[in-house]
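These numbers come from the heavy atoms of this one structure, side chains and all, not from hydrogens, waters or symmetry mates. Each ligand, and each atom within it, is numbered from 1 in the order the structure gives.
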Amino acid sequence: MGHCTSCGACCASYPVTFSRQELDSEAGGWVPSTLAEQGTILSRCAHMRGTRDQPRRCAALKGTIGVQVSCEIYAQRPSPCREFAQEADAGKGDNRCGDARRLHGLPPLAGSYDAFPL
Ligand code: SF4
Ligand code: SF4
């Protein structure tokens, strides 16, 4: 099992904001609109539902953080999720991954804070 499927901390630590063009309600979009919040008609942004709430947790995240999780829209997740800490599942974290893990009481992966050791 990869590191991310036993974590999920980032999905409950950061706002997940992306272009409305990624919503499946738009031509060529793919992110389920039912799981997103949209701002005003003039706003170009959408947000994964739950990622601007307190406590913060993406509505698409299933399972228990730090134990076992899954993203119920993994193949349709928005671009910030695709770009986040891409080597973390294989065991190499970065600072944002490390911050999220610490926020949820998990130790940072190797690779986090290399430039600024704790
Ligand atoms: S990227 Fe980091 S914080 Fe996110 S699920 Fe993977 S290990 Fe956890
Ligand atoms: S869409 Fe999936 S990968 Fe992105 S924050 Fe939500 S649960 Fe995590």
Chemist: For atom 3 (S) of ligand 1, which protein heavy atom lies nearest, and how many Å away is it?
Modeler: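 Nearest protein contact, heavy atoms only, for atom 3 (S) of ligand 1 is C10 N, 3.5 Å.
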Chemist: Relative to the heavy atoms of C81, which atoms of ligand 2 are at a distance of less than 4.0 Å?
Modeler: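 Under 4.0 Å from C81, ligand 2 has these atoms: 1 (S), 3 (S), 4 (Fe), 5 (S).
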Chemist: Are more than 12 heavy atoms, taken from residues, nucleotides or ligands other than Q21, located less than 6.0 Å from that residue's CD atom?
Modeler: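 12 or below, so no.
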Chemist: Is there a heavy atom of G93 sitting under 4.0 angstrom from any atom of ligand 1?
Modeler: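 Under 4.0 Å: no for G93.
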Chemist: Among protein heavy atoms, which sits nearest to atom 2 (Fe) of ligand 2, and what does the distance come to when rounded to 0.1 Å?
Modeler: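 Answer, as residue, atom name and distance: C71 SG, 2.3 Å.
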Chemist: Have a look at ligand 1 and work out which part of L109, if any, has a heavy atom under 4.0 Å from it: side chain, backbone, both or neither.
Modeler: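 Under 4.0 Å from ligand 1, L109 contributes side-chain atoms alone.
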Chemist: May I ask you to test the V31-Q76 pair for a side-chain heavy-atom distance under 4.5 Å?
Modeler: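 No, every pair of side-chain atoms sits at 4.5 Å or beyond.
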Chemist: Could you tell me whether any N, O or S atom belonging to C4 is less than 2.8 Å from atom 6 (Fe) of ligand 1?
Modeler: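 Here the distance criterion (N, O or S atom, under 2.8 Å) is met by C4, so yes.
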Chemist: Applying the 4.5 Å side-chain criterion to the ILVMFWY set and letting contacts propagate, would I65 and Y14 be lumped into a single cluster?
Modeler: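 Different clusters.
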Chemist: Between the side chains of S112 and D94, does any donor sit under 3.5 Å from an acceptor?
Modeler: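 There is no such pair between these side chains.
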Chemist: Report the nearest protein non-hydrogen atom to atom 8 (Fe) of ligand 1: residue, atom name, distance rounded to 0.1 Å.
Modeler: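 Heavy-atom neighbour on the protein nearest atom 8 (Fe) of ligand 1: C7 SG, 2.3 Å.
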Chemist: Provide the number and element of each atom of ligand 2 under 4.0 Å from a heavy atom of L61.
Modeler: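 Ligand 2 atoms under the 4.0 Å threshold to L61: 7 (S).
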Chemist: Will you find, in the side chains of R102 and Y113, an N or O donor that is under 3.5 Å from an N or O acceptor?
Modeler: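 Checked: R102/Y113 side chains pair up, N/O donor to acceptor below 3.5 Å.
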Chemist: Show which atoms of ligand 1 fall inside a sub-4.0 Å distance from at least one heavy-atom site of R101.
Modeler: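 In order of number, 3 (S), 7 (S).
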Chemist: Using a distance-only test with no angle check, is there a side-chain donor-acceptor pair under 3.5 angstrom linking S79 and E22?
Modeler: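 Indeed, the side chains of S79 and E22 share at least one donor-acceptor pair under 3.5 Å.
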Chemist: What do we get for A88 next to ligand 1 when only non-hydrogen atoms under 4.0 Å count, side chain, backbone, both or neither?
Modeler: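 Contact part for A88 vs ligand 1: side chain (C-beta onward).
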Chemist: For the residue pair R96 and F84, would you count it as a cation-pi contact if the rule is NZ or CZ under 6.0 angstrom from the ring centre and within 45 degrees of the ring axis?
Modeler: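 No, R96 does not sit over the ring of F84.
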Chemist: Could you find the nearest protein heavy atom to atom 6 (Fe) of ligand 2 and give me its residue, atom name and distance?
Modeler: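 That would be C58 SG, 2.3 Å.
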Chemist: Return the closest protein heavy atom for atom 5 (S) of ligand 1 as residue, atom name and distance.
Modeler: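 Heavy-atom neighbour on the protein nearest atom 5 (S) of ligand 1: G8 N, 3.3 Å.
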Chemist: Any sub-3.5 Å donor-acceptor pair from W30's side-chain atoms to R77's backbone N or O?
Modeler: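 Between the backbone of R77 and the side chain of W30 there is a qualifying donor-acceptor contact (under 3.5 Å).
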Chemist: List ligand 1 atoms under 4.0 Å from F84, heavy atoms only on the residue side.
Modeler: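 Answer, ordered by atom number: 1 (S).
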Chemist: Determine whether V16 and L35 fall in the same hydrophobic cluster, where Ile, Leu, Val, Met, Phe, Trp and Tyr are linked whenever their side-chain heavy atoms lie under 4.5 Å apart.
Modeler: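 Cluster IDs for V16 and L35 match.
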